[in-house]
Enquirer: 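To start, I am sharing the structure in question, which I have written as structure tokens.
Residue numbering restarts at 1 for every chain, and letters A, B, ... go by the order of the sequence lines.
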Amino acid sequence: MAEPVAVAKMDKIVALCKRRGFIFQSSEIYGGLNGAWDYGPLGVELKRNLKDYWWKCMTQLRDDIVGFDGSILMNRAVWKASGHEATFSDPMVECLLTKKRYRADQIEPQSGTVFPFEGIIEAPGADAHEEVKKLWETEVGASVTKFTVNSTSLLSLFKPLSFAVIVPEGKGIESATKIARQFYDARGYKNYKPVVGEKYSELATTKFNPENGSMLGEPRVFNLMLKTYVGAVESEDSITYLRPETAQAMFVQFKNVLDVSQKKLPFGIAQIGKAFRNEINPRNFTFRSREFEQMELEFFVKPGTGPEWLDKWLEERLAWYEQVGIPRAKIHILTVPEKDRAFYSQGTYDLEYEFPFGIQELEGIAHRGNYDLTQHQNASGKPLEYFDEETKTKYLAEVVEPSAGVDRTVLAILCEGYDEETIKDEESGKEETRVVLRFAPRIAPIKAAIFPLLKNKPELVAIAKDIYKTLQPLLKVAYADTAAIGRRYRRMDEVGTPFGITIDFETIEGTKEACTSATGKPIAVGEKDTVTLRHRDSMKQERIAIADLPAYLLTKVS
RNA sequence: GCGGGCGUAGUUCAAUGGUAGAACGGUAGCCUUCCAAGCUACACACGAGGGUUCGAUUCCCUCCGCCCGCUCCA
């Protein structure tokens with residue numbers, strides 16, 4: 001899956017993100033925090049542009065969706081009703097032989113005979129730890145407080161290690177010994193033996209792995225929601241959770257939103273916000289984080305129309321990704337099979353992107369039926385039904401939910417945009433690498449950079465600053481006058497700025513050759529007040545009248 | 001959570017039981033008429049804590065973080 005080349009690419013992207021201020025590790029000066037990331041000056045612009053565009057597409061360009069911003073903290077009852085409290089904390093058990101982990105509630109009960117074993121590594125004395133410690137200090141000349149071997153306390157190796165195997169009724173100790181041998185061999189135990197006379201029968205036990213009969217470890221609870229306390233006093237009564245998804249507030253407030261927005265079904269509620277999950281294993285840069293941001297739409301439809309809306313939203317969302325620079329060809333549409341779907345789902349599409357570290361989910365589009373409204377109506381005792389004026393009937397709406405990960409999409413955009421080009425200098429023949437982020441202009445953090453060709457020519461600087469000030473209220477622009485012009489172009493390539501605007505001598509002295517401007521208008525010889533417009537992707541340059549810049553740029557970045 | 005690998009400027013890499021160098025990058029100045037030019041100066045690192053030692057970036061332990069493979073994933 002993760003080829004060395006892909007790993008190298010990912011490392012470069014991570015380094016670029018830090019170097020140019022897109023993404024930093026959270027709490028970095030304290031050694032970081034697993035699964036949390038900060039967005040720097042450019043990252044926050046990129047992320048904000050992405051969210052703003054989603055928000056605009058949902059709530060401004062459509063008549064059938066309204067916006068919403070729910071709180072992160074909600075009454076604990078919400079999480080009981082939604083099913084999160086019950087299903088978002090899984091007791092897991094580990095097979096002691098294979099180290100594989102299983103959900104404790106999914107272990108198949110089995111019956112048979114249990115053979116306990118005991119193993120020891122020959123103990124050198126009553127207090128082995130002290131002896132080894134003394135030996136170590138004499139031989140190595142360093143003092144130690146505690147020994148570990150692969151995170152196992154050395155001392156524990158001198159304690160008898162218990163193990164047990166279950167075998168079906170009728171099978172003997174031979175098959176149990178086979179498993180036990182594997183167990184003890186893996187741990188370097190030379191001496192182990194069955195506990196004499198201690199075999200016993202078990203009926204429908206879940207303490208052993210059905211696949212191999214090996215004893216399972218103690219169940220451990222994995223809390224996938226982050227627990228917190230509301231109020232200054234920590235008590236059982238004040239427990240709630242940081243929301244693991246933004247969706248629930250929209251379901252819970254369905255009635256209020258409906259009452260105030262004069263909407264009829266089908267209509268949607270859109271929200272962008274943070275969510276929190278205690279991911280067991282955060283990994284792949286920002287991809288799997290414990291704190292992350294979602295863009296969620298709950299689109300409520302008439303009963304029975306969920307499937308067709310599911311397909312409509314699939315198309316809508318694919319088109320949207322194209323508009324932010326992720327081509328359709330790079331998105332894999334996974335029709336989630338029923339056995340893999342969440343229990344409430346009546347149909348789910350996963351939109352997956354080809355990240356360097358593998359094909360991974362960006363967005364899930366789920367037909368949740370009326371599960372959520374049903375749960376909250378029952379739990380709260382408040383009616384959440386919709387009154388259909390046409391048919392004069394009351395019913396619970398079904399919902400189709402396109403739920404996108406903001407951070408994941410930002411990461412996909414960074415991966416998709418990252419490019420390295422080998423450039424050959426025509427004069428010297430030297431080859432060099434150009435790093436460029438080919439962002440779609442509408443989400444680029446900086447839309448255009450304004451450069452005076454030379455900074456020690458006041459007449460160029462004055463015009464450049466003037467253009468900068470003119471454009472600044474209209475769109476995010478940068479001004480740079482340090483270093484040679486080529487270097488300034490490359491710096492801007494590296495952060496994905498689509499346009500460079502250079503004020504040169506032709507700006508004040510008049511154009512030397514007649515040409516066609518970027519807007520298509522002709523530019524005559526001697527025409528003043530034009531500038532060089534340099535394009536990020538092609539590095540091509542053309543001229544454009546200063547007066548045409550605002551309109552031209554706004555068209556290109558909208 | 002398990003197994004393996006790793007941790008020295010922003011990046012890539014050195015050196016060392018006596019508190020660290022370079023290149024590129026960055027900042028400032030000079031210079032420069034369109035793609036990382038040149039000159040000068042400056043700033044910036046041993047992930048954290050503990051132990052051994054006269055002295056630790058170096059040896060030992062622990063923790064944290066990153067990468068890879070499992071596992072997990074509403």
Enquirer: Could you pull out all residues at least two apart from A:Phe287 that satisfy ring pair (Phe, Tyr, Trp, His ring centres under 6.0 Å)?
Expert: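 A:Phe287 satisfies ring pair (Phe, Tyr, Trp, His ring centres under 6.0 Å) with A:Phe355, A:Phe357 only.
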
Enquirer: Show me, range against range, the stems involving RNA chain B, built from at least 3 consecutive Watson-Crick or G-U pairs below 3.5 Å.
Expert: B:1-7 with B:64-70, B:10-13 with B:21-24, B:26-30 with B:38-42, B:47-51 with B:59-63

Enquirer: Please classify the nucleic acid contact of A:Glu506 as base, sugar-phosphate, or nothing, using heavy-atom distances under 4.0 Å.
Expert: nothing

Enquirer: Has the side chain of A:Arg488 got a donor or acceptor atom sitting under 3.5 Å from an opposite partner on the base of B:rC35?
Expert: no

Enquirer: Mind checking if A:Asn456 touches a base, just sugar-phosphate, or nothing, with heavy atoms under 4.0 Å?
Expert: base

Enquirer: Report each atom pair, protein N/O against N/O of nucleotides 25-30 of chain B, whose distance is under 3.5 angstrom.
Expert:
{"unit_1": "B:rG25", "atom_1": "OP1", "unit_2": "A:Arg487", "atom_2": "NH2", "d": "3.1"}
{"unit_1": "B:rG26", "atom_1": "OP1", "unit_2": "A:Arg491", "atom_2": "NE", "d": "2.9"}
{"unit_1": "B:rG26", "atom_1": "OP1", "unit_2": "A:Arg491", "atom_2": "NH2", "d": "2.8"}
{"unit_1": "B:rG26", "atom_1": "OP2", "unit_2": "A:Arg487", "atom_2": "NH1", "d": "2.8"}
{"unit_1": "B:rU27", "atom_1": "OP2", "unit_2": "A:Arg491", "atom_2": "NH2", "d": "3.3"}
{"unit_1": "B:rG29", "atom_1": "OP2", "unit_2": "A:Lys455", "atom_2": "NZ", "d": "3.4"}

Enquirer: Measure from the side-chain N and O atoms of A:Lys9 to the backbone N and O of A:Cys415, and report whether any donor-acceptor pair falls under 3.5 Å.
Expert: yes

Enquirer: Does anything in residues 74-83 of chain A reach RNA chain B, meaning a heavy atom under 4.0 Å, and if so which residues?
Expert: A:Ser82, A:Gly83

Enquirer: Donor-acceptor pair, A:Gln271 side chain versus A:Thr246 backbone, under 3.5 Å?
Expert: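 Such a contact is found between A:Gln271 side chain and A:Thr246 backbone.
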
Enquirer: Considering only atom P, compute the distance from B:rA22 to B:rC42 and round it to an integer number of Å.
Expert: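 So the two P atoms sit 12 Å from each other.
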
Enquirer: Decide if atom CD of A:Glu338 counts as having more than 12 heavy atoms of other residues, nucleotides or ligands within a radius under 6.0 Å.
Expert: no

Enquirer: A:Lys274: what forms a salt bridge (charged side-chain N to carboxylate O under 4.0 Å, His left out) with it, not counting sequence neighbours?
Expert: A:Glu291

Enquirer: Can you find a side chain N or O atom of A:Asn281 that sits less than 4.0 Å from OP1 or OP2 on B:rC73?
Expert: no

Enquirer: By a strict heavy-atom criterion of less than 4.0 Å, which residues belonging to residues 239-253 of chain A are in contact with RNA chain B?
Expert: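 Residues of residues 239-253 of chain A under 4.0 Å from RNA chain B: A:Glu245.
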
